[in-house]
Amino acid sequence: MNPALQTALSELKSHHTDAAVKDLRAAFAADPGRATRFAAGLDDLRMDYSKCAVNDETMRLLAELAASSKVEARRDAMFAGEAINSTEGRSVLHTALRAGKDADIRVDGESVVPGVHAVLDAMAAFAEGVRGGTLCGATGKPFTDVVNIGIGGSDLGPVMATLALAPYHDGPRLHFVSNVDGAHITDTLSGLDPETTLIIIASKTFTTIETMTNAATAREFIVSQLGEAAVAKHFAAVSTALDKVAAFGLNETRVFGFWDWVGGRYSLWSAIGLPLMIAIGSEAFGEFLAGARAMDTHFKNAPVAENLPILLGLLGIWHRLICNHPSRAIIPYEQRLSRFPAYLQQLDMESNGKSVGIDGQPLETASGPIVWGEPGTNGQHAFFQLLHQGSDVIPVEFMIAANGHETQLAHQHELLIANCLAQSEALMRGRTTQEAHAQLISAGASEAEAARLAPHKTFSGNRPSITIVYDRLTPFALGRLIALYEHRVFVEAQVFGINAFDQWGVELGKELATALLPVVKGESTGEGHDASTLSLAKTILAMREKG
Ligand SMILES: O=P(O)(O)OC[C@H]1O[C@](O)(CO)[C@@H](O)[C@@H]1O
């Protein structure tokens, strides 16, 4: 670890012990101004972090940490197209996917922007053709249903965003198949008419076993009813591996490429976003890209003290490395963001869930936290008990729109807002045993009953949360929110000293699955596998033989 970073971390640790905010309730009573001081914004997006146990000194030390981790220099290197993904020797340029036509971003001396816009134009022509019914199936009928087959970054982004932007969805119905479990594709295709179904195969590598297996099943669904010639009309593909796509026999006007400098979990802005574009149209997709671009510009230019991704990243580091909180909960008070936590799980945990630094040495600190969550208010009636009274403190990140799309149901939106604000207030202020006792007495309990129940009704409080508020969940707002989190993950990676853009940790399981398939099929005795795995395989095989 570089000495400046080591110093910054140990200063933060001493500060945490000696001088950090210990009692948030008292901190607000003494200084109501902290609500505006510990907040930052970009247009209608506001991030309130005043309910985190930080003070001016904490933020000063965190800014020093950012400086000693060279966050700004590395950010500039990323935007400039340097090959910062050093273990794969690649640039990291998902930001180029949403750059304006006049941007000049180069890889190996060549501008990537014209290629990005050429693919966006081709996607738009295709998406509008499908939406308008000018691009039809083999029997001349327009497409009513689109099935995206992909997994991980080739699935989670389109699924999440299509759901999030349901009010803008005026194209054909969208379906997503990811799991190799045959139940997923069976349940998805059942009820669909092959004549009016378009299948998109989305895979950066075009080798992922789940996607290739589901693609073969989908091909059979089309071919068995419409014949081999229908494949050209009923399939499209999105990939960086255009040579591999060719072998599938697709019409090349329906193949949309992207580049190895786009990580799978950062690829929603590329042709991987095609299903979203078909759902909401190319114009709204353009607004989605513009929202991300606005956050990119902010991330590049805003000073550290006002820079949303840097602040969000530093608060994440504060919670993870200094306060030692092992996980964080993402709770959007927005039903349409119900897949956002799952999307962030891949974005964050596949990026920063590592134990080796970019220099190949074991990390000297913890790395990324466990990320999880569900929309509010549903989560309140499930796991919020643990958030309020459990033995682990879990920082929460709340999201809420000032305005819902359902203007006719304003009362419901007001209830949603009240619940969101109430939860962060409850986590912060808690309830003392004396308050619980007094409340029981005033509700008519006897002294003995109040004394017995008060400990159960006590809330420690001091549980940190960040609240992100925005006007309405538009395509622009969604793009901006996702980009905020992408850059936050990047900022945290710089402090951890991690390469956030590889994912070697997913490889071993894939290799072993390939090796175990013959054992599962009963074609190999599986020499070399451990006794537990072989015994499980044998037990399952015996059950399968009985049918
Ligand atoms: O788009 P592909 O190449 O099919 O990969 C799908 C996903 O698989 C992973 O490699 C993890 O297994 C992800 O990083 C990626 O998003």
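Each ligand, and each atom within it, is numbered from 1 in the order the structure gives. Values below: every heavy atom of this structure, side chains too, minus hydrogens, waters and symmetry copies.
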Open item on the list: Ring centres under 6.0 Å, that's the criterion: do His234 and Phe143 meet it?
Closed with: yes
- [ ] Kindly indicate, with the supporting measurements, whether the criterion ring-ring contact (aromatic ring centres under 6.0 Å, His included) is fulfilled by Tyr485 and Tyr343.
- [x] CA-CA 10 Å; Tyr485 272 88; Tyr343 175 79; 9.4 Å; no
- [ ] For the residue pair Ile394 and Trp372, establish whether any side-chain heavy-atom pair is separated by less than 4.5 Å.
- [x] yes
TODO: Using distance alone, determine whether Gly153 and ligand 1 share an N or O pair under 3.5 Å.
DONE: yes
Task: Identity and distance of the protein heavy atom lying nearest atom 8 (O) of ligand 1 - done: Lys510 NZ, 4.4 Å
- [ ] Check the angle between the aromatic planes of Phe490 and Phe299 and answer parallel, tilted or perpendicular using the 30° and 60° thresholds.
- [x] perpendicular
Open item on the list: List the residues meeting salt bridge (charged side-chain N to carboxylate O under 4.0 Å, His left out) with Glu88, not counting sequence neighbours, and say none if there are none.
Closed with: Arg90
Task: Minimum-distance protein heavy atom relative to atom 11 (C) of ligand 1 - done: Glu350 OE2, 3.4 Å
Open item on the list: Can you confirm whether the side chains of Thr87 and Asn499 place a donor and an acceptor under 3.5 Å from each other?
Closed with: yes
TODO: Heavy-atom distances under 4.0 Å are what count here, so tell me which part of Val506 touches ligand 1: side chain, backbone, both or neither.
DONE: side chain
TODO: Consider ligand 1: state whether an atom of it lies below 4.0 angstrom from any non-hydrogen atom of Glu210.
DONE: no
Task: Whether over 12 other heavy atoms sit under 6.0 Å from Leu512 CG - done: yes
Task: Close-contact set for ligand 1 against Ser154 heavy atoms, below 4.0 Å - done: 1 (O), 2 (P)
- [ ] Looking only at protein heavy atoms, identify the closest one to atom 6 (C) of ligand 1 and say how far it is in Å.
- [x] Ile151 O, 3.2 Å
Task: atom 5 (O) of ligand 1 - nearest protein heavy atom and its distance - done: Thr208 OG1, 3.5 Å
Open item on the list: Among all the protein's non-hydrogen atoms, which is closest to atom 3 (O) of ligand 1, and how far away is it?
Closed with: Thr205 OG1, 2.6 Å
TODO: Answer yes or no: does an N/O atom from Ser203 fall short of 3.5 Å to an N/O atom of ligand 1?
DONE: yes
